[in-house]
Amino acid sequence: KVVLIHKSWPNRKFQMENDVTETDKDGNYVFEDLYSSGGNNEFLVTVFAEGHEMQSEYVSIKAKKKAKSIDFKLKAAKTITFQVIGEDKKPLADTDVSLMKRKTGKKEYMLYPISVSDATMTTDSEGKIKISYLNENDLAGFVVMVSEELVSVDVKITKEDDQVIALGKQ
């Protein structure tokens with residue numbers, strides 16, 4: 001899945017839209033007619049490919065210019081089972097969890113909240129989800145929906161296949 005966030009300022013008013021596409025069998029994707037019609041435009045392209053590291057690229061396009069091709073070299077990712085634990089130290093079943101960023105050293109890959117539904121998973125009855133977009137030593141930024149509130153949690157990914165997303169002080 002490839003997610004596109006388009007930021008523009010028509011008539012000096014900020015506007016943000018998102019679009020999603022799938023890759024073909026060869027891993028190619030296209031967003032048709034991606035160009036700047038007026039002022040400057042900015043695009044955040046984020047790739048979620050099962051079994052591969054989450055990646056993104058941020059591009060600015062000057063007025064009346066066409067976007068250049070953005071190619072990603074995807075690396076394999078491990079499959080990790082996360083258990084989401086609430087402040088009461090109990091698993092959170094049927095809870096929406098979104099992967100919002102992946103940081104590796106100095107590089108950060110991200111997704112904007114407008115497209116959060118494209119990266120949201122729901123925990124099972126034991127509060128677990130499986131994700132295959134991360135690797136050891138990544139810093140993963142999650143947003144968890146708890147009682148109608150979004151809670152941000154960063155998790156340092158270890159070599160373990162089972163890990164915890166702990167809310168509050170544990």
* With side chains defined as the heavy atoms from C-beta onward, is the minimum distance between Glu50 and Tyr133 less than 4.5 Å? -> yes

* Do Leu139 and Ile80 share a hydrophobic cluster, counting only Ile, Leu, Val, Met, Phe, Trp and Tyr and linking them when any side-chain heavy atoms are less than 4.5 Å apart? -> no

* **Any donor-acceptor N/O pair, Gln55 side chain to Tyr109 backbone, under 3.5 Å** => no

* Does Gln83 reach the side chain of Asp162, with side-chain heavy atoms less than 4.5 Å apart? -> no

* Applying side chain to side chain donor-acceptor pair (under 3.5 Å), name anything that partners Thr123, two or more places apart in sequence or on another chain. => none

* Sequence neighbours excluded, which residues qualify as side-chain contact (heavy atoms from CB on, under 4.5 Å) partners of Glu136? -> Lys159

* Asked: In chain order, what residues pass the salt bridge (charged side-chain N to carboxylate O under 4.0 Å, His left out) check against Glu126, with sequence neighbours excluded?
  -> Lys128

* Using a 4.5 Å cut-off on heavy atoms from C-beta on, say whether the side chain of Leu134 contacts that of Leu99. => yes

* **Partners meeting side-chain contact (heavy atoms from CB on, under 4.5 Å) with Asp24 (sequence neighbours left out)** => Asp26, Asn28

* Taking the side chain from Asp138 and the backbone from Ala140, do they hold a donor-acceptor pair closer than 3.5 Å? -> no

* Look up atom OG1 in Thr81 and atom CG in Asp161, then write down how far apart they are to the nearest 0.5 Å. => 7.5 Å

If you look only at distance, which donor and acceptor atoms sit under 3.5 Å apart when one is on a side chain in residues 141-157 and the other is two or more places apart or in another chain?
residue : atom : partner : partner atom : Å
Lys156  : NZ   : Asn137  : O            : 2.9

* **Shortest non-hydrogen separation from Ser56 to Glu108 and the atoms involved** => OG-O, 4.3 Å

* To do: Nearest 0.5 Å please: distance from the CG atom of Asp124 over to the CD1 atom of Ile129.
  => 9.5 Å

* What distance do Met121 atom CE and Asp96 atom CG have between them, rounded to the nearest 0.5 Å? -> 9.5 Å

* Asked: Judged by atom type as modelled, is there a donor-acceptor pair below 3.5 Å linking the side chain of Ser132 to the main-chain atoms of Gly51?
  -> yes

* **Counterpart residues, side chain to side chain donor-acceptor pair (under 3.5 Å), relative to Glu53 (two or more places apart)** => Arg102, Asn135

* Asked: What distance separates Leu167 CG from Ile85 CD1, expressed to the nearest 0.5 Å?
  -> 8.5 Å

* **OG1 on Thr46 to CE on Met100, rounded to 0.5 Å** => 9.0 Å

* Structure fact -> Heavy-atom closest pair (Ala93 atom, Ser125 atom, distance to 0.1 Å) is CB-O, 3.5 Å

* Atom pair CZ/CD of Phe82 and Gln163 - distance to nearest 0.5 Å -> 5.0 Å

* Kindly check if the number of other-residue, nucleotide or ligand heavy atoms within 6.0 Å of NZ (Lys78) is above 12? => yes

